[in-house]
Visitor: 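Dropping the structure in here first, questions after.
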Amino acid sequence: MAFGWIDEQAAARRRAGLVRSLRPRPADSPLLDLASNDYLGLARHPEVVAGAQEAARTWGGGATGSRLVTGTTELHTALEHELAAFCGFEAALVFSSGYAANLAAVTALAPHGSLIVSDAGNHASLIDGCRLARGTTQVVGHADPDAVRKALGTHEGPALAVSDTVFSVDGDAAPLAGLAEACREHGAGLVVDDAHGLGVLGAGGRGAPHAAGLAGADDVVVTVTLSKSLGSQGGAVLGPARVVEHLVNAARTFIFDTGLAPAAAGAALAALRLLGREPERAARAREVATGLHARLTAAGLEAVRPNAAVVSVRAPSPDKAVRWAADCRAAGLFVGCFRPPSVPDGISRLRLTARADLTEEQIERAVQVIGGTRP
């Protein structure tokens with residue numbers, strides 16, 4: 001029977017407690033949200049919503065075509081210029097998603113005969129970029145510049161190291177300065193995904209590469225998403241102008257994809273400008289994360305010390321993690337639940353996201369619920 005193997009896989013997932021399901025949320029959910037990636041609390045900010053509305057009124061509901069045909073508007077260009085300037089890079093290129101931006105950066109910058117050195121903890125989009133690229137991929141230990149250095153030393157020809165700046169599972173930060181040094185010793189490029197760093201790390205939220213002194217470097221390329229700190233949708237690649245020009249001509253997820261919807265571009269641009277005026281939002285997100293970690297560990301929970309806005313709490317098993325998250329929801333708290341195969345180390349977790357707009361009362365309430373429902 002066609003697709004009969006699907007039933008076997010579904011049964012295996014049920015036995016392992018790994019079934020996933022969609023849960024539509026209402027517009028006015030009563031739950032305290034510690035699950036979304038709206039780190040700066042901008043997704044519903046009046047200025048950001050107004051930016052989306054004005055863009056839709058001006059440009060319509062969609063981009064109407066690929067970026068190389070009709071999908072590039074003056075709004076897209078403005079967003080690219082301001083995003084590059086804010087983060088300290090020469091140029092930027094906007095994509096329909098952060099996933100598409102990562103696929104573009106890795107595949108277009110790793111031609112046949114090249115080596116890609118990939119961190120074992122990288123996001124799925126970077127992993128898929130490595131799989132699709134024509135170069136050879138070598139996976140190395142997590143956050144280990146020496147392992148990157150050793151791998152690069154075995155190869156002659158074009159090479160690339162690929163890493164998240166802040167890893168989405170535990171919220172730990174990559175040693176960017178060490179990775180850049182290892183790459184430069186071997187003439188390799190460095191591509192880093194700053195999805196969880198933009199808006200949280202660096203001066204005024206300019207990102208982890210900016211904080212590490214790598215912004216504007218001619219051997220560093222950064223990908224970002226517009227759907228986390230900027231509260232919108234889409235992604236971008238930042239780097240030297242010649243790299244961006246190359247992506248325009250070689251990146252398949254740019255050439256063959258419809259451009260980002262104008263409303264999303266307008267919302268992202270409004271959020272970026274708001275962050276420029278209110279840089280304290282970045283520091284507040286980090287403060288909330290640190291406070292969450294301190295209170296959770298004081299309550300006897302095993303929480304990973306955050307480097308940005310993600311706080312991870314270990315769970316005993318996949319099924320207990322699912323039950324723990326469900327019990328939190330029943331108590332009025334929405335938290336993330338990460339379990340295999342989403343976690344590379346096989347350890348299930350509750351994943352909490354700190355938001356700059358959380359109050360001290362809400363933080364305390366969240367800790368009480370998590371502690372009170374622990375398995």
Side-chain angles (χ1 to χ4, degrees), residues 16 18 37 98-99 101-107 109-110 114-155 158-186 188-197 201 208-209 212 214 220-225 228 302-315 317-318 321 336-351:
L18 298 178
N37 292 318
Y99 209 109
N102 273 343
L103 293 185
V106 178
T107 58
L109 297 176
S114 64
L115 173 67
I116 310 168
V117 182
S118 178
D119 188 289
N122 278 344
H123 187 265
S125 55
L126 290 177
I127 294 171
D128 287 352
C130 293
R131 290 171 174 170
L132 291 170
R134 296 184 178 183
T136 300
T137 299
Q138 182 173 340
V139 179
V140 296
H142 179 53
D144 188 347
D146 286 335
V148 172
R149 182 177 287 106
K150 182 178 179 181
L152 292 173
T154 66
H155 178 76
L160 197 66
V162 178
S163 177
D164 285 59
T165 64
V166 176
F167 294 90
S168 62
V169 174
D170 277 335
D172 56 318
L176 295 185
L179 292 176
E181 181 181 357
C183 288
R184 286 165 180 168
E185 289 175 9
H186 296 278
L190 176 62
V191 173
V192 293
D193 177 3
D194 201 34
H196 300 277
L201 300 179
L214 299 178
V220 175
V221 173
V222 176
T223 63
V224 297
T225 179
K228 294 180 172 59
E302 186 181 355
V304 179
R305 184 179 298 277
N307 290 128
V310 174
V311 181
S312 172
V313 183
R314 300 293 177 90
S317 65
C337 177
F338 276 28
R339 54 208 168 104
S342 298
V343 288
D345 58 7
I347 299 174
S348 297
R349 303 155 167 83
L350 295 189
R351 180 182 180 273

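Just so it is clear, the structure is predicted and the values come from calculations on it, not from any experiment.
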Visitor: What is the minimum heavy-atom distance between Val106 and Cys130, and which atoms define it?
Guide: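 Closest pair (atom of Val106, atom of Cys130, distance): CG1-N, 3.7 Å.
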Visitor: When rounded to the nearest 0.5 angstrom, what distance separates CG in Asp193 from CG in Leu126?
Guide: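 Here the interatomic distance stands at 5.0 Å.
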Visitor: Does the side chain to side chain contact (heavy atoms under 4.5 Å, CB included) test come out yes or no for Val140 and Lys150, once each step is laid out?
Guide: CA-CA 9 Å; Val140 296; Lys150 182 178 179 181; over 6 Å; no
Visitor: Once rounded to the nearest 0.5 Å, what's the spacing between atom NE2 of His142 and atom CG of Asn122?
Guide: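 His142 atom NE2 to Asn122 atom CG measures 9.0 Å (nearest 0.5 Å).
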Visitor: To the nearest 0.5 Å, what is the distance between SG on Cys337 and CG on Leu350?
Guide: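 Cys337 SG to Leu350 CG: 6.5 Å, rounded to 0.5 Å.
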Visitor: Distance from Leu179 atom CG to Leu190 atom CG, nearest 0.5 Å?
Guide: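 The CG atom of Leu179 sits 6.0 Å away from the CG atom of Leu190.
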Visitor: Would you say the side-chain atoms of His123 pair up with the backbone N or O of Ser125, donor to acceptor, closer than 3.5 Å?
Guide: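 Checked: pair present.
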Visitor: If we ignore hydrogens and angles and just use 3.5 Å, is the side chain of Arg351 paired with the main-chain N or O of Ser168 as donor and acceptor?
Guide: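 Side chain of Arg351 to backbone of Ser168, a donor-acceptor pair under 3.5 Å: yes, one is there.
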Visitor: State, yes or no, whether a side-chain contact exists between Pro340 and Ser348 at a heavy-atom distance under 4.5 Å.
Guide: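 They are in contact (side-chain heavy atoms under 4.5 Å apart), so the answer is yes.
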Visitor: Using every non-hydrogen atom in the two residues, find where Leu176 and Ala212 come nearest and quote the distance to one decimal.
Guide: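 Closest approach of Leu176 to Ala212, heavy atoms only: CB-CB, 3.9 Å.
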Visitor: Heavy-atom distance under 4.5 Å between the side chains of Val220 and Arg184, does that happen here?
Guide: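 Answer yes - side chains close enough.
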Visitor: Kindly compute the distance separating CZ (Arg134) from CD1 (Ile116), expressed to the nearest 0.5 Å.
Guide: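 Rounded to the nearest 0.5 Å, the CZ-CD1 separation comes out at 12.0 Å.
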Visitor: For Thr165, run the side chain to side chain donor-acceptor pair (under 3.5 Å) check against Asn307, Asp194, Thr223 and tell me which one passes.
Guide: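 It is Asp194; the other options fail the test.
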Visitor: What are the two closest heavy atoms between Pro145 and Ala182, and how far apart are they?
Guide: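 Closest approach of Pro145 to Ala182: O-CB, 3.8 Å.
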Visitor: Got a second to check how far Lys228's NZ is from His196's NE2, nearest 0.5 Å?
Guide: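 Here the rounded value is 4.5 Å.
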Visitor: Flag yes if more than 12 heavy atoms outside Arg314 fall under 6.0 Å of its CZ atom; otherwise flag no.
Guide: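 Yes - once you tally the heavy atoms of other residues, nucleotides and ligands closer than 6.0 Å, there are more than 12.
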Visitor: Whether the side chain of Asp170 engages the backbone of Ser312 through a donor-acceptor N/O pair (distance < 3.5 Å, no angle test) should be reported.
Guide: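 Here the side-chain-to-backbone pair does not exist.
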Visitor: Identify the heavy atoms of Asp119 and Ser163 that sit nearest to each other, and give their distance.
Guide: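 For Asp119 and Ser163, the tightest heavy-atom pair comes out as CB-OG, 4.2 Å.
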Visitor: Can you check whether Gln138 reaches Thr154 side chain to side chain, under 4.5 Å on heavy atoms?
Guide: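 Yes, at least one pair of side-chain atoms sits under 4.5 Å.
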